[in-house]
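Reviewing the structure listed below.
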Amino acid sequence: MNIRYVKQSDYYVISPLINEWWNGGQMIDKLPKMFFDHFTNTSFIAEENGEIVGFLIGFLSQTHLDEGYIHFAGVHPSYRGSHIGRQLYESFFQRMKAYGRSLVRCVTSPDNKNSIAYHFRMGFEIEGGNRVVNGIAVHSNYDGPGRERVVFVKRV
C-alpha cells in the first residue's frame with residue numbers, strides 16, 4: 001500500500017468512480033475539482049499496484065489556526081476493512097501535527113451509521129448539537145435547511 005499526496009490529475013480518476021463507490025449515491029457534487037487543485041499538501045491518495053483504492057481530502061482551517069478539517073474520505077468497496085481509511089486518517093493527523101494543528105474536525109450525516117461508528121473507532125468525539133436523533137447529538141440545519149450533521153472532533 002502506498003499513501004501519497006493528492007495531485008490534480010487524481011480528480012479525473014476518482015470523479016468517475018465516486019458515485020459507484022457509494023452504491024449510486026450522488027456524491028460527486030461533494031467533491032469538486034478545486035480540492036485537488038488547492039489542498040494537495042493536506043490530502044492523500046491510497047494506491048495498491050498503481051490503482052487508487054482510497055482518498056482523503058482535508059485542509060488547514062484558515063479561521064481556527066489550531067484546527068484541520070477532513071472534508072471527504074473514501075475507500076473502494078473491495079478494499080474496505082483493510083485499514084486503508086485508518087492509514088489515510090493517520091497520514092492526515094501527522095500532517096496536522098507538522099503544521100502545529102492540534103484539533104481535527106469532520107462531519108457526517110446522522111443517517112450514516114457506518115461513518116459514525118468509524119469515527120468513534122478512530123477516537124473522535126461528537127461535539128454538542130442542538131437536538132438528539134436516534135441517541136446521537138446533531139446540529140440542525142448545519143448544511144442548510146433540513147440538513148442535520150453530526151460534528152466530530154479529535155485532538156491529535
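Counting begins at 1 with the first residue of the sequence.
- Residue Val133 comes nearest to Arg131 through the heavy atom pair CG2-NH2, 3.4 Å, listed as atom of the first residue, atom of the second, then distance.
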Legend entry - Residues Tyr89, Tyr118; criterion ring-ring contact (aromatic ring centres under 6.0 Å, His included); working and verdict: CA-CA 11 Å; Tyr89 272 65; Tyr118 181 79; 5.4 Å; yes
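- Under a hydrophobic-cluster definition in which Ile, Leu, Val, Met, Phe, Trp and Tyr are linked whenever side-chain heavy atoms come within less than 4.5 Å, directly or via other members, Val132 and Val151 are assigned to different clusters.
- Between Leu88 and Ile45, every side-chain heavy-atom pair lies at or beyond the 4.5 Å cut-off.
- Grouping the Ile, Leu, Val, Met, Phe, Trp and Tyr side chains by contacts below 4.5 angstrom, directly or via other members, places Val107 with Ile57.
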Inset, instruction - Please lay out, stage by stage, how Tyr79 and Glu48 fare under the test side-chain contact (heavy atoms from CB on, under 4.5 Å). - result: CA-CA 10 Å; Tyr79 289 85; Glu48 182 72 31; 4.1 Å; yes
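- A side-chain donor-acceptor contact under 3.5 Å links Asp10 to the backbone of Lys7.
- A pairwise comparison of heavy atoms in Ile28 and Asn19 identifies N-OD1, 3.1 Å as the closest pair.
- Of all heavy-atom pairs between Pro32 and Tyr11, the closest is C-CE1, 3.9 Å.
- Taking every heavy atom of both residues into account, Leu56 and Thr42 meet most closely at CD2-O, 4.4 Å.
- Residues Lys113 and Asn134 meet the side-chain proximity criterion, which asks for heavy atoms closer than 4.5 Å.
- Between the side chains of Tyr99 and Asn41, at least one donor-acceptor pair of N or O atoms lies under 3.5 Å.
- Rounded to the nearest 0.5 Å, atoms CG (Asn114) and OG1 (Thr108) are 9.5 Å apart.
- Linking Ile, Leu, Val, Met, Phe, Trp and Tyr residues whenever their side-chain heavy atoms come within less than 4.5 Å places Leu17 and Leu31 in a single cluster.
- Here the OG atom belonging to Ser61 is positioned 10.5 Å from the CE atom belonging to Met96, to the nearest 0.5 angstrom.
- The CD atom of Glu20 lies 11.5 Å from the CD1 atom of Ile18; values are rounded to the nearest 0.5 Å.
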Legend entry - Derivation of the side-chain contact (heavy atoms from CB on, under 4.5 Å) call for Phe120 and Glu125: CA-CA 6 Å; Phe120 280 142; Glu125 297 177 359; 5.8 Å; no
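- The backbone N or O of Met122 sits less than 3.5 Å from a side-chain atom of Lys154, completing a donor-acceptor pair.
- With a 4.5 Å cut-off on side-chain heavy atoms, His83 and Met1 do not count as touching.
- With Ser43 contributing its side chain and Gly58 its backbone, the two residues share a donor-acceptor pair below 3.5 Å.
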Inset, instruction - Could you give me the CA-CA distance, side-chain angles and deciding distance for Met27 and Trp21, then say whether side-chain contact (heavy atoms from CB on, under 4.5 Å) is met? - result: CA-CA 9 Å; Met27 303 303 284; Trp21 286 13; over 6 Å; no
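- The CD1 atom of Ile3 sits 5.0 Å away from the OG atom of Ser91 when rounded to the nearest 0.5 Å.
- Between Val156 and Leu103 the shortest heavy-atom distance is CG2-N, 4.3 Å.
- Under the 4.5 Å side-chain criterion, counting only non-hydrogen atoms from C-beta, His119 is not in contact with Val150.
- Within the 4.5 Å cutoff, side-chain heavy atoms of Phe152 are placed close to those of Ile126.
- A ring-ring contact (aromatic ring centres under 6.0 Å, His included) with Tyr69 is found for one member of Phe35, Phe59, Phe92 and no other, namely Phe59.
- The pair Glu47-Arg4 meets the salt-bridge criterion, since a charged nitrogen lies less than 4.0 angstrom from a carboxylate oxygen.
- Contact of the Tyr12 side chain with the Lys33 side chain is registered, since non-hydrogen atoms from C-beta on lie closer than 4.5 Å.
- Under the 4.5 Å side-chain heavy-atom criterion for Ile, Leu, Val, Met, Phe, Trp and Tyr, Ile116 and Trp22 are members of distinct hydrophobic clusters.
- Each of Phe39, Phe36, Tyr5, Phe72 was compared with Phe55 under the ring-ring contact (aromatic ring centres under 6.0 Å, His included) criterion, and only Phe72 meets it.
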Inset, instruction - Dump the intermediate steps for side-chain contact (heavy atoms from CB on, under 4.5 Å) on Val53 and Ile84, then the final yes or no. - result: CA-CA 8 Å; Val53 296; Ile84 292 170; 3.7 Å; yes
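- Side-chain atoms of Glu90 and Phe44, non-hydrogen and from C-beta on, never get closer than 4.5 Å to each other.
- When every heavy atom of Lys30 is checked against every heavy atom of His71, the shortest pair comes out as O-NE2, 2.6 Å.
- With hydrogens and angles ignored, the 3.5 Å screen pairs no side-chain donor or acceptor of Asp66 with any backbone N or O of Ser102.
- Results of the salt bridge (Lys or Arg N to Asp or Glu O under 4.0 Å) test with Glu67 over Arg101, Arg105, Arg155 single out Arg105 as the only residue that passes.
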